[in-house]
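Quick caveat: nothing in here was measured; it's all calculated off a predicted structure.
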Amino acid sequence: MDKVPTFATRTIALTGDDIEHKRHELKLAFNHTWELYESLFSVVNNDNAYFVKAEPLRHPLIFYFGHTATFYINKLKLGKYIDQRINPHFESMFAIGVDEMSWDDLDETHYQWPSVAEVQQYRNDVKDLVNKVIDELPLTLPINDNDPAWVILMGIEHERIHLETSSVIIRQLPLSDVTPSPLWPSCPDMHTAPENRLLSVSGGHVTLGKTEEENTYGWDNEYGSQSYQVAGFKASKYLVSNQEYLAFVKADGYRHLRYWDDEGKAWLAYTQATMPRFWRKKDGQWFQRNLTAETPLPLNWPVEVNQLEAKAFCNWKAEQEQLSIRLLTEAEWYLLRQNIDSDSPQWDEAPGNIELGYYASSCPVDRFEHEGFCDIIGNVWQWTETSIDGFQGFRVHPLYDDFSTPTFDGKHNLIKGGSWISTGNESIKASRYAFRRHFYQHAGFRYVESHQAPETMANLNVYETDELISQYLEFHYGNEYFSVPNFCTHGVKACLQEIQLTHHHRALDIGCSVGRASFELAKTFDHVDGIDFSARFIQQAYSLTEQGEKRYTIRTEGDLVEFKCVTLAELGYQQLTDKINFVQGDACNLKPQFSHYDLIYASNLIDRLGNPKQFLNSIHQRLNPGGYLVITSPYTWLEEYTNKENWLGGIKVNGENFTTLDGLTETLISHFELIAVKEIPFVIRETKRKFQHSVSEMTIWRKRDSNH
């Protein structure tokens, strides 16, 4: 294909000697990546196609067209590098993508998408703003993860990810909705495939993890360190080709359930799949859908399947050959990767079908060979046996705390090596991306023969070790200290004693943190939405509902920790999980479906909002007439969370004391009447011998009837 500019496909070095030259590099990388993304969407030939749900487990294309632009605004605003939003509505609607939790849970009911022209204009506005930010941001070298330039790199690499995921969606649009483009050409080489065979690989000690010294942008899960002792194994010379996989399909591999694990059987039952997603069969002939065209099945290209299909093939192959055949692990892939010395962005020429260096499609599995193995990188991603988790020393970036942590659930498996459209960080050796096992990317697999069980090379973090999260898990679910009742249970009980509920259909726990009050509310209400700004907090609550237990460590002193475990059964909540919906959200920018509540519970929230009056002035719209708003807060106003001009109280007004209760009353009185004021104490454990003892004031407000 025509040579795509290097800045559109390669990640840039964090180091350098000339600050203004680096600023120029950053600007080129941003603009070329932006234009490459829009070039991909240009193959869609009509606006209606943007609203087709081509991939059942993802939003329509219009979301992704807007999403990468809103990402810049949301992150720059969160980092306080810009003061104003461009379009708050778009920046809420397009904020959060989909990591589907099951095969049928993406609800489109509440989405009123804007037009393509409106989103294009928004993208133009964002592009202008980001260019201005790059021109003016303070820049030092090397760039580190606290610098504003890191946020720009984060946005660039984020858009490169969605370049790939959007291409998967476009690949599933009806052919009538796309037009082939010379900018996105397929490989013309389609023949029979070479016969695959197993080649020996020496085992050894492998240490994974990107160091802080490496000079390219990295996502949080790449940092830290993890060592493995890998036994010798044999690996297939080639990725599994369409031809090799066709034998499994013709052997009725999708019908013989003995090749499928329980998750695979459930997926088969739901989808009724009989072949890979991108295959077609017409009049006895096999075809494959590529980005913009359908061709006779290219037998010498790699097959593209999900992880469940890849595992089933391995089980069939093991039965056929009477060998211990399985997918490779992340550590085993690293041993193969050692056959390629260099790494992007230092390549003169990409040593594989990657970074759009050759085609906008797969190519023959024997095209790129290194030390006997083909396609160690590129062509299609390679599914592994390894569930993603953080390495030792893992820490999130505060501006993107939910990039990796939601996938640390044992249900997301790593893909390695990149595909033809993998660019930037995706194509470097250290990159780590994972998807649900039933999900489709441009991903295939190679198989290995090994007697080493992949579980022996796993290192799932059984215990949550992040100190802040562990502190809140203990605050919500742990011991009571100094005879002070649990704040969440006591608070919910105290407010319910004061109110006269006529309906108990829906409740909102806004600022729910790790979720204890949501469970308590579910004892009374038919449905509870638990919403928090922190994706990490929401993930804890969600995983507790899914797995029934939560393990964490809390500090005792110095580096010493205590291991804790809480279970839904012990708490008496196991029957409540179907009534609760935990979701990430911004209290000041909630989506419209979060409404019609009988009670809204806002615990220790308002003094951590940037604009509490904005929240309070609109919250009545989300309550039913006669519904209740419950606010608890210790009123610890701090300028790091809330600019002083936005404080509700704790200030002098006309020379007189003005309390937060005064501010609440002034703000809420037009829509609410004050029912009760109570004191709710709480204790937060920091270490075995250090605690915070605080008191929240609880105010309970009843929404006036609409005809009042």
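- In the model, Ser543 has a side-chain atom that pairs as donor or acceptor with a side-chain atom of Lys550 under 3.5 Å.
- Side-chain atoms of Asp598 never come within 3.5 Å of backbone atoms of Ala507 as a donor-acceptor pair (strictly under, hydrogens ignored).
- Side-chain contact, Glu686 with Gln692: a donor N or O sits under 3.5 Å from an acceptor N or O.
- A donor-acceptor contact closer than 3.5 angstrom links the side chains of Trp637 and Thr660.
- Using a cutoff of 4.0 Å between basic side-chain nitrogens and carboxylate oxygens, Glu546 and Lys411 are scored as salt-bridged.
- Side-chain rings of Tyr400 and Phe71 approach one another, their centers coming within less than 6.0 Å.
- Proximity of the aromatic rings of His67 and His158 is defined here by a centroid distance below 6.0 angstrom, and this criterion is met.
- Residues Thr207 and Ser227 have side chains that bring a donor and an acceptor to within less than 3.5 angstrom of each other.
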Note to self: Assess the residue pair Tyr597 and Phe525 against the criterion (ring pair (Phe, Tyr, Trp, His ring centres under 6.0 Å)); give the C-alpha distance rounded to whole Å, side-chain angles, the decisive distance to 0.1 Å, and a yes or no.
What the structure shows: CA-CA 10 Å; Tyr597 293 108; Phe525 292 87; 9.4 Å; no

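- Judged by distance alone, the side chains of Gln584 and Tyr542 never bring a donor and an acceptor atom under 3.5 Å apart.
- We find that Glu222 and Arg432 are not joined by a salt bridge, their nearest charged nitrogen and carboxylate oxygen being 4.0 Å or further apart.
- Judged by distance alone, the side chains of Asp662 and Thr659 do bring a donor and an acceptor atom under 3.5 Å apart.
- Side-chain contact check for Glu426 and Tyr433: no donor-acceptor pair (N or O, by modelled atom type) lies under 3.5 Å.
- For the 3.5 Å distance criterion, the side chains of Ser603 and Thr632 qualify, holding a donor opposite an acceptor.
- Under the 4.0 Å criterion applied to side-chain N and carboxylate O atoms, Glu91 and Arg85 are assigned as salt-bridge partners.
- Taking 4.0 Å as the cut-off between side-chain N and carboxylate O, Glu467 and Arg555 count as a salt-bridged pair.
- Here Glu332 pairs with Arg326 in a salt bridge; the nearest charged N to carboxylate O distance falls below 4.0 Å.
- Counting heavy-atom neighbours within 6.0 Å of Tyr472 OH, excluding the residue itself, gives a total of 12 or less.
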Margin query: Does Arg536 form a salt bridge (charged side-chain N to carboxylate O under 4.0 Å, His left out) with Asp466? I'd like the steps, not just the answer.
Written below: CA-CA 10 Å; Arg536 289 189 292 158; Asp466 181 279; 3.0 Å; yes

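- Considering Ser513, Ser696, Ser633, Ser694 in turn, Ser696 is the only one that fulfils the side chain to side chain donor-acceptor pair (under 3.5 Å) rule with Asn604.
- At a cut-off of 3.5 Å, with distance as the only test, no side-chain donor of Lys564 or Ser470 sits close to an acceptor on the other residue.
- In the displayed structure, His504 atom NE2 is contacted under 6.0 Å by at most 12 heavy atoms of other residues, nucleotides or ligands.
- Ser431 and Asn425 form no side-chain donor-acceptor contact under 3.5 Å, judged by distance and modelled atom types alone.
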Notebook entry, point to check: Is there a side-chain hydrogen bond (donor to acceptor under 3.5 Å, both in side chains) between Arg608 and Thr636 once you walk through the steps?
Noted result: CA-CA 8 Å; Arg608 291 298 179 265; Thr636 51; 3.3 Å; yes

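- No side-chain N or O of Arg516 forms a donor-acceptor pair with one of Thr489 less than 3.5 Å apart.
- Ion pairing of Arg685 with Glu562 is present here, as a side-chain N (NZ or NE/NH1/NH2) and a carboxylate O approach within less than 4.0 Å.
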